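Along the sequence shown, residues are numbered consecutively beginning with 1. Please read all numbers here as calculations on a predicted model, not as lab measurements.
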Amino acid sequence: MQQHADLVFSGGPVFTATTQRTRATAVAVTGGRIVAVGHDEVRELIGPRTEHVDLAGRMLVPGFQDAHAHPVWGGLDLMRCNLAEVFGTPQLYLDMIAEYAAARPDDEWVLGGGWTMSAFPGGTPLAADLDRVVPDRPAFLPNRDGHGAWVNSVALRLAGIDKHTPDPADGRIERDADGNPSGTLHEGAMSLVNRLLPRTTDEELLQAVQLGQAYLHSFGVTGWQDAIVGSYGDAGDAGPAYVQAAERGLLTGRVVGAIWWDRTRGLEQIDDLVAKREAYRGGRFASTSIKLMQDGVPENFTASMLEPYCDGHGHPSDNSGISFIDPEVLNEAVPRLDALGFQAHFHAIGDRAVRECLDAVEHAIARNGRSDHRHHISHIQVVHPDDLHRFRELDVVANMQMLWAAYEPQMVELTLPFLGDERAAWQYPFGDLHRSGAVLAAGSDWSVTSPNPMSAIHTAVNRKSAPGLEEGEYEPFYIGQRLDLGTALTAYTAGSAYVNHLEDVTGTIEVGKYADLALLDRDPFAGPDEEIGLTTVDQTFVEGERVYASGS
């Protein structure tokens with residue numbers, strides 16, 4: 001006699017994310033695993049102790065998996081002066097900082113961040129403005145993308161930064177007309193200040209893991225790749241916090257940690273990375289990836305470009321950005337890491353950085369043969385057309401941050417004038433990558449931007465910002481690079497599970513797999529594409545256990 005299930009969903013569409021994209025209307029779960037996928041026949045598994053969830057026309061999807069996120073940073077942001085929840089004006093940001101500082105008069109530093117560059121002329125806020133609300137103690141506030149920081153005069157003095165301080169090799173100190181530091185530190189220049197910040201405690205990091213995890217669950221995210229574990233900036237090292245959370249039974253998400261490649265060191269750090277891989281594991285957490293940050297961002301001219309940036313008037317400048325890791329080092333490091341069984345998780349924004357990362361994987365294949373490590377390149381903002389086919393040929397996954405593929409003030413004011421028309425059209429080529437046969441995965445880069453998968457999927461389909469995230473009314477952003485809804489959903493579920501080597505146990509709704517599931521508040525296929533971003537998550541499950549319910 002067939003046993004009754006622990007949990008049954010029925011009465012609505014089920015998006016399985018399988019290759020066949022099988023549609024179903026019912027799913028049964030027993031012991032944390034999916035035991036049936038089908039239609040009315042699945043209801044026969046409902047017994048007196050079965051929890052029955054009536055989908056009522058709502059769609060059940062595999063739990064979303066975020067292939068590039070910073071949940072511990074996001075959790076810390078929620079604990080500090082969080083400016084990321086608003087598209088603010090300079091005055092609104094200053095009011096929020098003043099309120100936060102006044103509520104914490106005993107804090108040695110004012111910490112937080114999340115401001116958007118488009119709120120400030122040239123994307124560079126001033127220490128003089130911050131001094132008005134925090135005059136008596138240092139303040140350090142990274143921007144939303146984490147590639148620059150707003151500091152006040154006290155912080156500059158403590159760090160010894162003045163007009164005579166040289167720019168570090170991997171960053172830039174923003175200066176006024178007289179050469180004095182004006183209050184914005186780009187990329188590696190942030191380290192001049194953040195090395196002085198008070199250490200984030202183990203207790204704070206554990207709390208941040210839990211807060212970040214809960215926030216991701218509220219968007220239906222059941223697994224992710226933490227794009228930096230290991231010491232980085234003031235956030236501390238998330239690795240031990242994940243291990244502690246796993247040991248205490250607090251880690252409900254499935255997490256792969258990408259261990260930070262310290263760009264101030266060379267190949268001698270590889271032994272340390274191997275040791276961290278062994279130490280940073282437990283339960284649902286394993287650190288099998290290495291994060292290699294190859295360049296910066298175009299807004300501060302540190303994204304690595306094949307040709308120089310324009311000067312804003314259509315003329316070439318003398319700056320083509322920064323390759324943070326020397327290509328010769330990268331071409332030796334990646335084959336060594338590949339031979340040791342590591343996955344390479346690259347940050348590459350500019351077309352030169354993308355090419356350098358692809359070249360490094362090609363070197364690894366030439367030396368070691370093909371592996372199944374699933375190296376992936378995140379962000380892929382500007383990809384030279386000659387490199388599109390190489391993702392498929394080299395088995396490199398295209399890790400998309402789909403939310404960014406839209407016109408918005410930062411793109412219009414701080415990026416497009418400096419790329420020129422030809423390169424602007426090479427941005428976020430999701431459609432071309434899909435047509436080339438590349439494997440697509442998706443991530444948010446939260447806390448840089450929202451971790452809401454449905455907002456990102458809306459942008460991938462419409463090439464416009466999702467409702468509630470618009471900053472002005474714009475046309476679609478190179479509409480020929482759009483994805484269809486099914487492809488975008490699959491990238492954010494099965495595609496990211498593939499990156500994390502979890503496709504055998506999760507990422508799709510199939511018999512035998514873990515019941516990592518998200519219940520949406522509607523069927524996004526049933527409405528117009530323009531309303532995809534209005535979709536929210538009602539419930540989230542990990543191994544059949546409810547880890548989030550809206551309104552609870």
Side-chain angles (χ1 to χ4, degrees), residues 17 61-74 145-146 212-213 215-217 219-229 238 242 253-260 284-294 342-349 354 357 361 372-381 383 391 395-405 428 430 433-434 438-457 459-460 483 487-508 516 518 542:
V61 302
F64 295 109
Q65 301 203 29
D66 194 316
H68 183 109
H70 304 281
V72 180
W73 294 3
D145 66 19
Q213 172 176 261
Y215 195 60
L216 288 175
H217 285 338
F219 293 107
V221 177
T222 58
W224 56 90
Q225 185 160 146
D226 191 310
I228 296 179
V229 300
Y242 275 120
R254 303 187 195 283
V255 187
V256 169
I259 306 169
W260 175 247
R284 296 186 174 113
F285 176 59
S287 296
T288 52
S289 189
I290 300 294
K291 172 65 176 295
L292 299 122
M293 189 170 183
Q294 188 57 14
F342 282 108
Q343 174 188 83
H345 180 163
F346 301 99
H347 163 121
I349 294 272
V354 171
C357 295
V361 174
D372 189 35
H373 300 325
R374 304 172 190 182
H375 306 308
H376 52 121
I377 303 178
S378 290
H379 310 325
I380 50 174
Q381 178 167 345
V383 183
F391 283 80
D395 298 321
V396 173
V397 178
N399 188 336
M400 308 173 294
Q401 282 59 65
M402 300 188 287
L403 193 71
W404 302 354
Y428 304 117
F430 305 153
L433 285 164
H434 179 53
V439 175
L440 304 181
S444 66
D445 208 9
W446 183 62
S447 60
V448 173
T449 45
S450 168
N452 184 346
M454 293 309 303
S455 292
I457 289 167
T459 302
L483 298 175
T487 297
L489 266 170
T490 300
Y492 230 123
T493 51
S496 296
Y498 175 82
V499 165
N500 280 347
H501 290 84
L502 292 172
E503 77 278 8
D504 289 341
V505 295
T506 186
T508 59
D516 296 352
V542 175

J.: Looking at Q213 and G253, would you say the former's side chain and the latter's main chain have a donor-acceptor pair under 3.5 Å?
T.: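 Indeed, once roles are kept as given, a pair shorter than 3.5 Å links the two residues.
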J.: How long is the gap from OG1 on T506 to CZ on R254, to the nearest 0.5 Å?
T.: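 So the gap between those two atoms works out to 5.5 Å.
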J.: Closest approach of D66 and G443, non-hydrogen atoms and distance?
T.: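 Shortest heavy-atom separation between D66 and G443 comes out as OD1-CA, 3.1 Å.
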J.: Would I380 and L433 satisfy side chain to side chain contact (heavy atoms under 4.5 Å, CB included), going step by step from the backbone distance to the final call?
T.: CA-CA 10 Å; I380 50 174; L433 285 164; 3.8 Å; yes
J.: Sequence neighbours excluded, which residues qualify as ring-ring contact (aromatic ring centres under 6.0 Å, His included) partners of H376?
T.: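 Once residues adjacent in sequence are excluded, the partners of H376 under the ring-ring contact (aromatic ring centres under 6.0 Å, His included) criterion are H345.
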J.: With a 4.5 Å heavy-atom cut-off, do W260 and V229 have their side chains touching?
T.: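 W260 does not reach V229 side chain to side chain.
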J.: Find the distance between CD1 (I349) and CD1 (I377) and round it off to the nearest 0.5 Å.
T.: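 Taking CD1 in I349 and CD1 in I377, the distance rounds to 11.5 Å.
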J.: To the nearest 0.5 Å, what is the distance between NE2 on H347 and CG on D445?
T.: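 One finds 8.5 Å between NE2 of H347 and CG of D445.
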J.: Under 3.5 Å, is there a donor-acceptor pair linking the side chains of H379 and N399?
T.: no
J.: Going by the salt bridge (charged side-chain N to carboxylate O under 4.0 Å, His left out) test, which pairs reach into residues 493-505, not counting sequence neighbours?
T.: R374-E503
J.: Do Q343 and H373 pair up side chain to side chain, a donor and an acceptor below 3.5 Å, judged on atom types alone?
T.: no
J.: Does a side chain donor of either Q381 or Y428 reach within less than 3.5 Å of an acceptor in the other side chain?
T.: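 Result is yes, a qualifying pair exists.
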J.: For the rings on H68 and W446, is their centre-to-centre separation under 6.0 Å?
T.: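 Aromatic pair excluded; centres sit 6.0 Å or further apart.
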J.: For the residue pair H434 and L483, establish whether any side-chain heavy-atom pair is separated by less than 4.5 Å.
T.: yes
J.: Under the side chain to side chain contact (heavy atoms under 4.5 Å, CB included) rule, what do S450 and L403 come out as? Steps first, then yes or no, please.
T.: CA-CA 8 Å; S450 168; L403 193 71; 4.2 Å; yes
J.: Please state whether the rings of W224 and Y242 are parallel, tilted or perpendicular, taking 30° and 60° as the class boundaries.
T.: tilted
J.: Decide side chain to side chain contact (heavy atoms under 4.5 Å, CB included) for K291 and I259; before the verdict, give the C-alpha distance in whole Å, the side-chain angles of both, and the deciding distance to 0.1 Å.
T.: CA-CA 6 Å; K291 172 65 176 295; I259 306 169; over 6 Å; no
J.: Checking H217 now: which residues fulfil ring-ring contact (aromatic ring centres under 6.0 Å, His included) with it, not counting sequence neighbours?
T.: none
J.: For the atom pair CG (L292) and CD1 (I290), what is the distance rounded to the nearest 0.5 Å?
T.: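 It is 7.0 Å, given to the nearest 0.5 Å.
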J.: How long is the gap from OH on Y492 to OG on S444, to the nearest 0.5 Å?
T.: 4.5 Å
J.: What verdict does the side chain to side chain contact (heavy atoms under 4.5 Å, CB included) test give for V448 and W73, after you've listed the backbone C-alpha separation in whole Å, the side-chain angles of each residue and the deciding distance to 0.1 Å?
T.: CA-CA 9 Å; V448 173; W73 294 3; 5.8 Å; no
J.: How far does CG of D226 sit from OG of S287, to the nearest 0.5 angstrom?
T.: 8.5 Å
J.: For the side chain of T508 and the backbone of A494, is there at least one donor-acceptor N/O pair under 3.5 Å apart?
T.: no
